[in-house]
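Here, residue 1 is the first one in the sequence, and each next residue gets the next number.
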Amino acid sequence: MIGYNDFHIIKPYPYRRQQNFYTLHYVLSGKGSLWLNGKTRTIQENEVFFLDDKTTFAYWPDKKDPWEYIWFSFEGQDALKLAKSAGFSPENSVLPCFDPWKIRNELISMLNPGNRKFLSVFRAFSALYALFDSLHNCKPEKTVEQEYAERAVFYIGEKYFDPQFRVQTICNNLHISHAQLCRIFQKFIGKSPVQYIVERRLSYAAQLLQTTSLPVSEIAFMSGYEDTDYFLKSFKKFYQVTPTHFRSLTTIENLIL
């Protein structure tokens with residue numbers, strides 16, 4: 001089974017208990033505490049905790065920053081072997097996820113209300129194994145700045161087509177200053193956040209011009225531009241041709257090929 005809990009809106013069950021199956025919890029945001037083997041540990045975003053079918057445990061969200069997590073429950077003769085191979089042990093029931101943004105994207109997409117009716121047991125198992133794989137394939141820890149850069153790129157990928165999206169939106173989401181974001185972005189991505197957003201928008205517009213017959217004004221809006229004239233100027237500056245000319249050139253090339 002797979003599920004999602006957000007403790008901003010549901011009440012916790014912080015009592016000590018046991019279960020007759022195995023569970024894996026991936027923390028999407030916020031933090032909480034896990035009591036296990038007489039010890040209490042704080043668990044935060046992008047950490048995963050494993051619970052077996054014999055140990056007494058309790059866990060609860062932080063009051064000021066309650067967590068939300070995705071959980072898996074599973075059982076079978078190979079379940080414990082799978083957990084051990086990922087690195088879990090009685091002494092170590094919490095591990096960091098080393099591919100957080102790749103894993104998060106799949107899990108969040110899978111549990112999107114619009115996708116749930118298409119969720120199969122095979123996709124759920126695929127996500128579980130992908131999560132285990134991200135724990136097993138330990139890589140050198142990334143710096144805080146690398147994490148910020150990856151989060152910014154991931155966030156831009158989800159929001160760039162929104163005309164109201166701004167660089168300051170990223171800063172607010174990551175809780176860093178505009179100057180700090182620009183410096184980190186230049187260091188790891190090689191360009192400014194504004195340049196990156198513009199390139200993502202224009203690249204998407206070019207894709208739509210190549211693959212659809214939508215009007216240029218509609219493509220402009222779908223790519224994150226409220227002002228069609230500004231989109232036309234930006235597109236021509238970047239591709240050296242107008243969107244209409246770009247579309248005709250693409251059509252001719254396809255006919256020749």
Side-chain angles (χ1 to χ4, degrees), residues 3-10 25-33 42-49 61-71 94-116 127 130-131 134 139 141-205 220-227 230-231 234:
Y4 164 80
N5 288 338
D6 181 354
F7 287 89
H8 291 89
I9 56 177
I10 65 171
H25 298 71
Y26 176 78
V27 180
L28 293 169
S29 67
K31 54 189 175 183
S33 298
T42 298
I43 302 175
Q44 56 192 358
E45 180 180 348
N46 291 326
E47 288 189 318
V48 181
F49 62 97
D62 183 83
K63 290 183 179 179
K64 293 183 179 179
D65 187 16
W67 56 16
E68 56 173 326
Y69 57 66
I70 288 176
W71 55 265
V94 183
L95 292 173
C97 175
F98 289 99
D99 285 313
W101 305 108
K102 177 181 176 182
I103 296 297
R104 287 169 69 93
N105 198 30
E106 167 61 13
L107 293 177
I108 293 172
S109 170
M110 187 170 60
L111 291 176
N112 183 292
N115 295 334
R116 285 187 184 182
L131 183 55
S134 76
K139 304 167 187 174
E141 286 194 21
K142 298 171 184 173
T143 65
V144 173
E145 288 190 343
Q146 283 176 301
E147 283 287 343
Y148 276 134
E150 287 189 11
R151 292 189 188 196
V153 168
F154 177 84
Y155 195 61
I156 289 170
E158 287 196 321
K159 302 289 186 179
Y160 71 87
F161 45 82
D162 179 357
Q164 302 302 315
F165 182 64
R166 301 288 185 271
V167 172
Q168 189 57 45
T169 312
I170 309 170
C171 299
N172 295 342
N173 183 267
L174 299 182
H175 306 291
I176 59 176
S177 69
H178 188 281
Q180 191 178 4
L181 176 66
C182 290
R183 180 181 59 77
I184 291 171
F185 221 85
Q186 190 67 47
K187 179 179 178 181
F188 290 99
I189 311 301
K191 59 191 70 175
S192 72
V194 171
Q195 287 177 300
Y196 186 79
I197 293 169
V198 168
E199 289 180 11
R200 287 296 299 265
R201 284 174 168 170
L202 293 177
S203 175
Y204 183 57
F221 187 78
M222 291 174 66
S223 303
Y225 290 89
E226 288 181 302
D227 187 332
Y230 182 67
F231 165 72
S234 299

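The heavy-atom pair separating Ser234 from Leu202 by the smallest distance is O-CD1, 3.7 Å. A pairwise comparison of heavy atoms in Leu131 and Cys97 identifies CD1-SG, 4.5 Å as the closest pair. In terms of heavy atoms, Leu181 sits closest to Cys171 at CD2-SG, 3.7 Å. Closest of all the heavy-atom pairs between Phe188 and Gln146 is CE2-CG, 3.2 Å.
Annotation: side chain of Tyr155 is not in contact with side chain of Arg151 (no heavy-atom distance under 4.5 Å). The closest side-chain heavy-atom distance from Val48 to Val94 is not below 4.5 Å. The shortest distance between side-chain heavy atoms of Phe165 and Ile170 falls below 4.5 Å.
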Q) Yes or no on side-chain contact (heavy atoms from CB on, under 4.5 Å) for Glu47 and Lys31, after CA distance, side-chain angles and deciding distance? A) CA-CA 9 Å; Glu47 288 189 318; Lys31 54 189 175 183; over 6 Å; no
Q: Show the numbers, then the answer: is there a side-chain contact (heavy atoms from CB on, under 4.5 Å) between Arg201 and Tyr225?
A: CA-CA 8 Å; Arg201 284 174 168 170; Tyr225 290 89; 3.7 Å; yes
**Q.** Worked check of ring-ring contact (aromatic ring centres under 6.0 Å, His included) between Phe49 and Trp67
**A.** CA-CA 13 Å; Phe49 62 97; Trp67 56 16; 5.7 Å; yes
Q: Start with the C-alpha distance between Asn46 and Val27, add both sets of side-chain angles, then the distance that settles side-chain contact (heavy atoms from CB on, under 4.5 Å), and finish with yes or no.
A: CA-CA 5 Å; Asn46 291 326; Val27 180; over 6 Å; no
Q: For the pair Ile156 and Phe185, evaluate side-chain contact (heavy atoms from CB on, under 4.5 Å) and give the outcome as yes or no after the intermediate values.
A: CA-CA 12 Å; Ile156 289 170; Phe185 221 85; 3.8 Å; yes
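Residue pairs meeting the side chain to side chain donor-acceptor pair (under 3.5 Å) criterion with at least one partner in residues 190-200, sequence neighbours excluded, are Lys191-Glu199, Ser192-Gln195, Tyr196-Arg200.
A distance of 12.0 Å separates CD1 in Ile43 from CG in Asp62, rounded to the nearest 0.5 Å. For the atom pair CG (Asp162) and OG (Ser223), the distance works out to 12.5 Å, reported to the nearest 0.5 Å. Residue Lys159 holds its NZ atom at 8.5 Å from CG of Asn173, rounded to the nearest 0.5 Å.
Taking the six-membered ring where the residue is Trp, Tyr160 and Tyr204 present perpendicular rings, their angle passing 60° and hence far from 30°.
Under the salt bridge (Lys or Arg N to Asp or Glu O under 4.0 Å) criterion, Glu145 pairs with Arg183, Lys187, not counting sequence neighbours.
In summary, the side chains of Asp6 and Tyr69 do not present any donor paired with an acceptor at a separation below 3.5 Å, with no hydrogens or angles considered. Defined by atom type and a distance below 3.5 Å, a donor-acceptor pair is present between the side-chain atoms of Glu68 and Ser29.
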